[in-house]
Each structure stands twice: as C-alpha cells, then as structure tokens.
Amino acid sequence: MKFLEELSKIISIISICVVAYGTIVAACAFIKAELLRFWGKFNIQRLRLLRADLGTYLLLGLELLIAADILKTVIEPSLHELGILAGIVLLRTVLSFFLNKEIIEIDHERHQHPEAFSNI
C-alpha cells in the first residue's frame with residue numbers, strides 16, 4: 001500500500017509538471033503571437049492553434065491526475081476520494097469534447113483554406 005501511495009504522489013507531481021510545461025509553452029507562443037500583432041503580421045489561426053495545444057497539455061495533465069486519484073481511491077476508498085475522482089473525470093470529459101471539436105474545426109479549415117495557415 002505504501003508503494004501505491006508513493007506512486008500516486010509521483011503521478012500527481014508529473015501531472016503538475018505537464019500542466020506547468022504546457023502553460024509555459026502556451027505563454028511563450030502567446031507572447032510571440034502578440035509581438036507579431038505589433039509588427040502587423042497577426043494571424044488569428046495562430047491563437048486557435050495555441051488554444052488547442054494548451055488544451056492538449058491540460059487534458060494530459062488531467063488524465064494523469066485521474067490515474068493518481070484512481071490509485072488513491074484503491075488505497076482509501078472514501079466518498080470524498082470518489083467525489084474528487086468524479087469531478088476530475090467530468091472536467092476532463094467536458095474539456096476533451098470541446099477540444100476535439102475545436103481541433104476538428106481547425107483541421108477542416110486548414111484543408112479548406114490552406115493559405116490562412118501558411119505563415120504560422
């Protein structure tokens with residue numbers, strides 16, 4: 001049981017690292033996009049891709065949190081732990097639905113209007 005507790009903590013830390021890394025990457029991309037706006041080379045598609053990329057990192061982080069919470073629930077099956085797990089799964093499902101919808105829209109637009117994505 002001690003091993004599962006430690007494993008759960010390690011997975012939680014990795015999850016935090018993934019979300020933090022994705023946030024840093026997105027912040028850098030956002031700054032670049034805003035500098036391009038300042039220089040008159042702004043492209044709204046760049047921000048849409050940035051949002052989709054950030055959402056992907058957030059989803060990966062949430063999936064890792066789900067794995068950690070499943071381990072916690074196995075170790076200590078309490079109503080509180082089940083509630084946390086249900087909340088995270090619900091949040092991940094909603095984020096996944098909207099992110100997948102946006103990625104499909106971006107991909108569709110990329111095929112219909114490749115010139116809009118050519119200078120990204």
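Because only heavy atoms are used, hydrogens play no part in the values below, and waters and symmetry mates are left out as well, while side chains stay in.
Looking at heavy atoms from C-beta onward, D53 lies out of side-chain contact with V25 at the 4.5 angstrom threshold. Taking 4.5 Å as the limit, some side-chain heavy atom of E102 sits within range of a side-chain heavy atom of I106. Side-chain contact between I10 and I14 is present, with at least one heavy-atom pair separated by less than 4.5 Å.
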Would you sort out whether K2 and E6 count as a side chain to side chain contact (heavy atoms under 4.5 Å, CB included), showing the intermediate values? CA-CA 6 Å; K2 184 72 173 164; E6 293 301 317; 3.7 Å; yes
Could you go through I88 and D69, starting from their C-alpha distance and side-chain angles, then the distance that decides it, and tell me whether this counts as side chain to side chain contact (heavy atoms under 4.5 Å, CB included)? CA-CA 9 Å; I88 291 173; D69 282 339; 2.7 Å; yes
How far apart are the C-alpha atoms of L60 and T56, what are their side-chain angles, what is the distance that settles it, and do they pass the side chain to side chain contact (heavy atoms under 4.5 Å, CB included) test? CA-CA 6 Å; L60 178 58; T56 302; 5.8 Å; no
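Shortest non-hydrogen contact noted between A52 and I103 is CB-CG1, 4.0 Å. When all heavy atoms of L99 and G55 are compared, the pair lying nearest together is CD2-C, 3.4 Å. The two residues L54 and G22 make their nearest non-hydrogen contact at CD1-O, 3.7 Å. Contact record, Y57 with V18: O-CG1, 3.6 Å, taken as the closest heavy-atom pair. Closest of all the heavy-atom pairs between L65 and S12 is CD2-OG, 4.3 Å. Taking all atoms of both residues into account, the shortest heavy-atom contact from I75 to E5 is CD1-N, 3.3 Å.
Under a cut-off of 6.0 angstrom, the local environment of CZ in R51 is sparse, with at most 12 non-hydrogen atoms contributed by other residues, nucleotides or ligands.
Under the 4.5 Å side-chain contact rule for hydrophobic residues, I31 and L36 share a cluster. Cluster membership check: L91 shares its hydrophobic cluster with I84, using side-chain heavy-atom separations under 4.5 Å among Ile, Leu, Val, Met, Phe, Trp and Tyr. If you chain together hydrophobic residues whose side chains sit under 4.5 Å apart, L64 and F3 fall into the same group. In the hydrophobic cluster analysis, where Ile, Leu, Val, Met, Phe, Trp and Tyr join through side-chain heavy atoms closer than 4.5 angstrom, L59 is grouped together with V89.
Residue L71 holds its CG atom at 12.5 Å from CD1 of I66, rounded to the nearest 0.5 Å. Interatomic distance, NE2 of H80 versus NZ of K72, reported as 9.0 Å (0.5 Å rounding). Separation of atoms CD (E109) and CD (Q45) is listed at 5.0 Å; rounding is to 0.5 Å.
Side-chain atoms of S15 never come within 3.5 Å of backbone atoms of I11 as a donor-acceptor pair (strictly under, hydrogens ignored).
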